[in-house]
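What you are looking at is a predicted structure, and each value in this text was computed from that prediction instead of being measured.
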Amino acid sequence: MNDAEILLKVKDVLGVTGEYQDNTLSGYIQEVRGFLCEAGVSVERQTPGIIARGVSDLWNGSDTFSSYFMQRAAQLSYEGEKNDE
């Protein structure tokens with residue numbers, strides 16, 4: 001999925017319309033995707049849902065990711081390791 005497609009999916013999940021916040025959301029998307037990559041989650045396993053959850057955490061001013069986001073990221077990372085074996 002390319003960046004534009006991910007942005008549209010994240011906006012849909014968050015209920016954001018229009019283009020006014022696209023730059024902010026794109027920045028958050030890149031931050032979340034970078035976090036997931038560093039956590040060992042392959043780009044292929046980075047679904048719009050987990051990305052939207054992380055963006056939502058940042059969007060709402062949290063200085064930490066939610067426990068759901070962290071647990072799901074850990075699952076995706078572990079599943080990726082299992083599939084690599």
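More than 12 heavy-atom neighbours from other residues, nucleotides or ligands sit within 6.0 angstrom of NZ on Lys11. Asn23 CG: 12 or fewer foreign heavy atoms inside a 6.0 Å radius.
A donor-acceptor contact under 3.5 angstrom links the side chains of Gln75 and Arg72, judged on distance only.
Qualifying side-chain contact (heavy atoms from CB on, under 4.5 Å) partners for Thr24, counting only residues two or more places apart in sequence or in other chains: Gln21, Tyr28, Trp59. In this structure Ser66 satisfies the side-chain contact (heavy atoms from CB on, under 4.5 Å) test together with Arg53, Asp57, Tyr68, Phe69, sequence neighbours excluded. Not counting sequence neighbours, Glu38 has no partner by the side-chain contact (heavy atoms from CB on, under 4.5 Å) test.
Note on Ile6 and Phe65: same hydrophobic cluster, where clusters join Ile, Leu, Val, Met, Phe, Trp and Tyr whose side-chain heavy atoms are under 4.5 Å apart, directly or indirectly.
Taking both residues in full, the closest heavy atoms of Gln46 and Ile51 are given as O-CD1, 3.7 Å, listed atom of the first, atom of the second, then distance. Smallest separation of non-hydrogen atoms from Val55 and Val32: N-CG2, 3.6 Å. Taking all atoms of both residues into account, the shortest heavy-atom contact from Val43 to Cys37 is CG2-SG, 4.2 Å. Taking all atoms of both residues into account, the shortest heavy-atom contact from Ser77 to Val41 is N-CG2, 3.7 Å. When every heavy atom of Leu7 is checked against every heavy atom of Ser26, the shortest pair comes out as CD2-OG, 3.8 Å.
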| message | Please evaluate residues Leu25 and Leu14 with respect to the criterion side-chain contact (heavy atoms from CB on, under 4.5 Å), reporting the C-alpha separation (whole Å), side-chain torsions for both, the decisive distance (0.1 Å), and the verdict. | response | CA-CA 10 Å; Leu25 290 171; Leu14 297 178; 4.1 Å; yes
| task | Using the side-chain contact (heavy atoms from CB on, under 4.5 Å) rule, take Asp12 and Leu8 through it: C-alpha gap first, then chi angles, then the decisive distance, then the call. | result | CA-CA 6 Å; Asp12 187 45; Leu8 289 175; over 6 Å; no
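Judged purely by atom type and a 3.5 angstrom limit, Glu5 uses its side chain to pair as donor or acceptor with the backbone of Asn2. No side-chain donor-acceptor contact under 3.5 Å links Ser56 to the backbone of Ala52. Listed for the Asn60 side chain is no donor-acceptor partner under 3.5 Å among the backbone atoms of Ser62.
The shortest side-chain heavy-atom distance between Thr47 and Met1 does not fall under the 4.5 Å cut-off.
Taken from CE in Met70 to CZ in Phe35, the straight-line distance is 4.0 Å, to the nearest 0.5 Å. The distance from atom CD1 of Ile29 to atom CD of Glu31, rounded to the nearest 0.5 Å, is 12.0 Å.
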